[in-house]
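Here the structure is a predicted model, which means the values were calculated and not measured.
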Amino acid sequence: MNFIGKSIPKIDGMAIATGKPVYTEDMAPPNALVVKLLRSPHAFARIRSIDTTKAKSLENVACIFTYKDVPDSRFTLAGQSYPEPSPYDRLILDEIVRYVGDEVAIVAAADEATAEKAMKLIKVDYEVFEPVLDFEKAIDHPSIIHPETDLHCNFDIGMEKERNIVSTQKVEVGDVEEELEKCDVVVEETCYTQAQSHSMMETYRAFSYLDHTGRLVVVSSTQIPFHVRRQLSRALKVPASKIRVIKPRIGGGFGGKQTGAVEVFAAMVTLNTGKPAKIIYDRKETFTATNSRHAMRLKVRLGADKEGCIRVVDIQGLSDTGAYGEHASTTFGVVGEKTLPLYNKTKAVRFMGNVVYTNKMPAGAFRGYGATQGTFALETAVNKLAEKLNMDPTELRLKNLIREGETSLLYHGKKLGSSTLHECIARGREMIGWKDKYPKQEIGDNKVRALGMAVTMQGSGIANIDTASAEIRLNDDGNFTLLIGSTDMGTGSDTILSQMAAEVLETSVEHIIVHAADTDISPYDPGSYASSTTYVTGMAVVKAAEDLKKQILESGARLLEVSPDEVEFDGQKVSTFSGNKEISLKKIAELQVLAFGGNRQLVGTATHGSPVSPPPFIAGFAEVEVDKETGKIKLIDYVAVIDCGTVINPNLATIQAEGGIVQGIGLAMYEDVRYDEGGRMTTNSFMQYKIPTRKDIGNIRVVFEESFEPTGPFGAKSIGEVVINTPAPAILDAVYNAVGIRLTDLPITPEKVFLAMKKI
């Protein structure tokens, strides 16, 4: 391989480091109207009356919209393939407000100061209702959060909205209760995972304008340009053909920008005024009025025989989707989908539970997408089982985990295509010094160091749903243009896709121009989520490059007046096998693009979807130091050994892994979205919401145990999400091994450790 497996520098790396890239706000026209949103101060209320007279009379106020002025079409902001499994349960503006921060009015003015002043002049009279703030009390609560009669679901997701239930799910293979009765050892654990903020550096933002033909153009920092176009079409009742969505460089997303949080408001202003409009969320709005990870309660029961064979996995859950149901059923479903197949010596498995509405900011997509929560609960229970069996937790896993070529109850006979998970465990415990350090070491000064571990799996795209297309053009100068619809969120996916194209076309990355994510120009792509870009879009790029290479060979053979079977292509020229005839790629390009006589530009195209979603795997090992006097936890070392198939770009894969691990550490030890008794978010800035800094993180070591995934491009699987899943259960287990406290309510803070130690 010339480029696959090589640490090619990011094609935009130097530009980012020197501050040259242009982001959404940089592109907004200087005369764009400034859009601001008046938000609800109440968690649950109905607008009795709203008076905008004084606000509209202000000079330089362009327009003000309330629920009376917007279309009445319900829609979802979830960026998912059509038909979306998320309910159509929101309006652009609604008479009912369902959380503190819900939108009440859209204000557009010539400048920010005027817009802010206008918002203060709007008078709103609310009928305040009792909010539902505890998700464990949401079912059959007297307050019904969505009483409307026009809420729509494309699928039967088990909704009972009159009970505040968004989705009900149950997957069971075998008889769980019967098999548990047969087990020698049964353990049970109930775990709570909190809401977590995405904390991307670039907040939500978009601007819109009408082009010279009157079409609506929306430029947005989004992961899902094609889905945003569909959302706007439905919400605004405008044909999709009249809408163009452009994604420039995006300053981070982590799943948050898989929700179309802002685009519809700027678009509403532009359509009604004919003027450009921009909306830029500040940090407080990003924290309080967008989306977060789903908080969940997960009860796990495991049954095993005396030899340590796990026979039953039973997970029962409750998920908090907040005020609206974006990603509610799918995120919850992934909890079971990415946990139940892991331990495949089972005779019965079950996942069941409910997703509920509450009067809090909506939850949405977040890196890990349910697998994070499920992994925390399952791996915590597995570590507890290992203790009860008096087995080393690494040995328990090696005995029970699925292997390449095996199946599981949930796979219904289909075999796992690739896995080096057992090798990951073996290498990880060697790197962390498991044999010498497990479970703990007293180091003096009332401090103890201990180890913990966990494993996880994720997916690579959404099987039978995600379909991506790619197009590669041979330009007149002999260079190539790669057109894709995926979104590089700083992950380096544009670089990786360029490497794949360069490998097939036997050229260098420097000769490939990447154009991404413009719904008028780019071929269709669902967007960057579900760990799909490398696996799904990557295979589309490989197929498109192969298509173009075939055309280059055919064109070269025709120009050389020989059969295509007699020529070869080395990236620079087409020549006969005998070497007596050749023509340069640049000459072929010139003749195809510039020459008269009916020639055509050579363009390779492909569309790819996969019937499978091959899982990447990780074994994660944590070493912590706990102060027994204060409960303070210090993460000393974290080792992650990863199977993501063929590693396309080791440097970029390592950076992806390190970033995801840090987010997982934040979930485990620091981050917590909190509300007061009235439903107001109290963690609405980085002063109140703690994310890990470099000083908080000890050593992070990432290595790869490559497998070869036969359905992936060059044998690759995904890496984007799986890396966030193991820190929480591994760190929890290490803390337990250190001081005997098994905290199952994240985050694991010093206060919780200290108070729990006092109790015992």
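More than 12 heavy atoms of other shown residues, nucleotides or ligands fall within 6.0 angstrom of atom CD in E442. Within a 6.0 Å radius of CZ in R427, other residues, nucleotides and ligands contribute more than 12 heavy atoms. For K6, the NZ atom sits in a packed shell: over 12 heavy atoms of surrounding residues, nucleotides or ligands are nearer than 6.0 Å. Atom CE of M201 is surrounded by more than 12 heavy atoms from other residues, nucleotides or ligands within 6.0 Å. No more than 12 heavy atoms of other residues, nucleotides or ligands lie within 6.0 Å of CG in N390, so this atom counts as exposed by the packing criterion.
Of all heavy-atom pairs spanning C309 and D305, the tightest one is N-OD1, 2.9 Å. The two residues I748 and A728 make their nearest non-hydrogen contact at CD1-O, 4.5 Å. Between L133 and A43, the closest heavy-atom pair is CD2-CB, 4.5 Å. Here the closest non-hydrogen pair linking L389 and K306 is CD2-O, 4.3 Å. Across T487 and S528, no two heavy atoms sit closer than the pair O-OG, 2.6 Å. In plain terms, the two heavy atoms of L409 and A348 that are nearest each other are CD1-N, 3.6 Å.
V624 has its side chain within reach of V626: a pair of non-hydrogen atoms, C-beta onward, lies under 4.5 Å apart. Between V176 and V349, the closest side-chain pair of non-hydrogen atoms is not below 4.5 Å. Taking 4.5 Å as the limit, every side-chain heavy atom of M200 sits out of range of all side-chain heavy atoms of M489. In this structure the side chain of R397 reaches within 4.5 angstrom of the side chain of E379, judged on heavy atoms. Using a 4.5 Å heavy-atom cutoff, the side chains of F617 and C424 are not in contact. The closest side-chain heavy-atom distance from I633 to V753 is below 4.5 Å. At least one side-chain heavy atom of I719 sits less than 4.5 Å from a side-chain heavy atom of F704. Residues R403 and H422 meet the side-chain proximity criterion, which asks for heavy atoms closer than 4.5 Å.
At a cut-off of 3.5 Å, with distance as the only test, no side-chain donor of R283 or S685 sits close to an acceptor on the other residue. For the residue pair S221 and E202, a side-chain donor N or O sits within less than 3.5 Å of a side-chain acceptor on the partner. A side-chain donor from one of D643 and S707 sits under 3.5 Å from a side-chain acceptor of the other. The closest side-chain donor-acceptor pair between N291 and E326, if any, does not fall under 3.5 angstrom. Side-chain N/O atoms of S613 and Y535 include no donor and acceptor closer than 3.5 Å. Side chains of R205 and T203: a donor-acceptor N/O pair is present below 3.5 angstrom, by distance only. No side-chain N or O of D676 forms a donor-acceptor pair with one of T682 less than 3.5 Å apart. No side-chain N or O of Q194 forms a donor-acceptor pair with one of D672 less than 3.5 Å apart. No donor-acceptor contact under 3.5 angstrom links the side chains of T683 and Y675, judged on distance only.
Look at E671 and R293 and you find no salt bridge, because none of the NZ, NE, NH1 or NH2 atoms lies under 4.0 Å from a carboxylate O. With respect to the salt-bridge test (charged N to carboxylate O, under 4.0 angstrom), the residues E709 and K717 do not qualify. With respect to the salt-bridge test (charged N to carboxylate O, under 4.0 angstrom), the residues R249 and D12 qualify. Note on E189 versus K299: no salt bridge recorded, every NZ/NE/NH1/NH2 to OD/OE distance being 4.0 Å or above. Between D696 and K690 there is a salt bridge, since a side-chain N of the basic residue sits under 4.0 Å from a carboxylate O of the acidic one. Note on E387 versus R742: salt bridge recorded, some NZ/NE/NH1/NH2 to OD/OE distance being below 4.0 Å. Look at K345 and E406 and you find a salt bridge, because one of the NZ, NE, NH1 or NH2 atoms lies within 4.0 Å of a carboxylate O, short of that distance. Ion pairing of K632 with D627 is absent here, as no side-chain N (NZ or NE/NH1/NH2) approaches a carboxylate O to less than 4.0 Å.
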Practice item. Test side chain to side chain donor-acceptor pair (under 3.5 Å) on E136 and Y192 and set out the steps. Key: CA-CA 11 Å; E136 294 186 279; Y192 290 83; 2.9 Å; yes

Practice item. Kindly determine whether S408 and Y343 satisfy side chain to side chain donor-acceptor pair (under 3.5 Å), including the steps that lead there. Key: CA-CA 8 Å; S408 72; Y343 296 96; over 6 Å; no

Review point. Does the salt bridge (charged side-chain N to carboxylate O under 4.0 Å, His left out) test come out yes or no for E179 and R311, once each step is laid out?
Key: CA-CA 7 Å; E179 292 298 333; R311 298 307 188 190; over 6 Å; no

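Using the six-membered ring where Trp is involved, F366 and H198 have ring planes that are parallel, under 30° apart on the 30 and 60° scheme.
For the atom pair CG of L302 and OG1 of T346, the computed distance is 10.5 Å after rounding to the nearest 0.5 Å. To the nearest 0.5 Å, atoms OG1 (T358) and CG (D134) are separated by 9.5 Å. Interatomic distance, E629 CD to N446 CG, rounded to the nearest 0.5 Å: 4.0 Å. One distance of note links CD1 of I425 with CZ of F621; it measures 6.5 Å at 0.5 Å rounding. With rounding to the nearest 0.5 angstrom, the CG atom of L398 is 9.5 Å from the CG atom of N400. Here the straight-line distance linking atom NZ of K752 with atom CE of M669 works out to 12.5 Å at 0.5 Å rounding.
The main-chain N or O of E188 is found under 3.5 Å from a side-chain atom of K384 such that the two form a donor-acceptor pair. N737 places a side-chain N or O within 3.5 Å of a backbone atom of L451 that can act as its donor or acceptor partner. With K257 contributing its side chain and G252 its backbone, the two residues share a donor-acceptor pair below 3.5 Å. The closest donor-acceptor contact from the side chain of T375 to the backbone of T372 lies at 3.5 Å or more, if one exists at all.
Each of S532, S460, S531 was evaluated against E721; a single residue qualifies, S531, per the side chain to side chain donor-acceptor pair (under 3.5 Å) test.
For Y689 and F287, the ring centers sit closer than 6.0 Å to each other.
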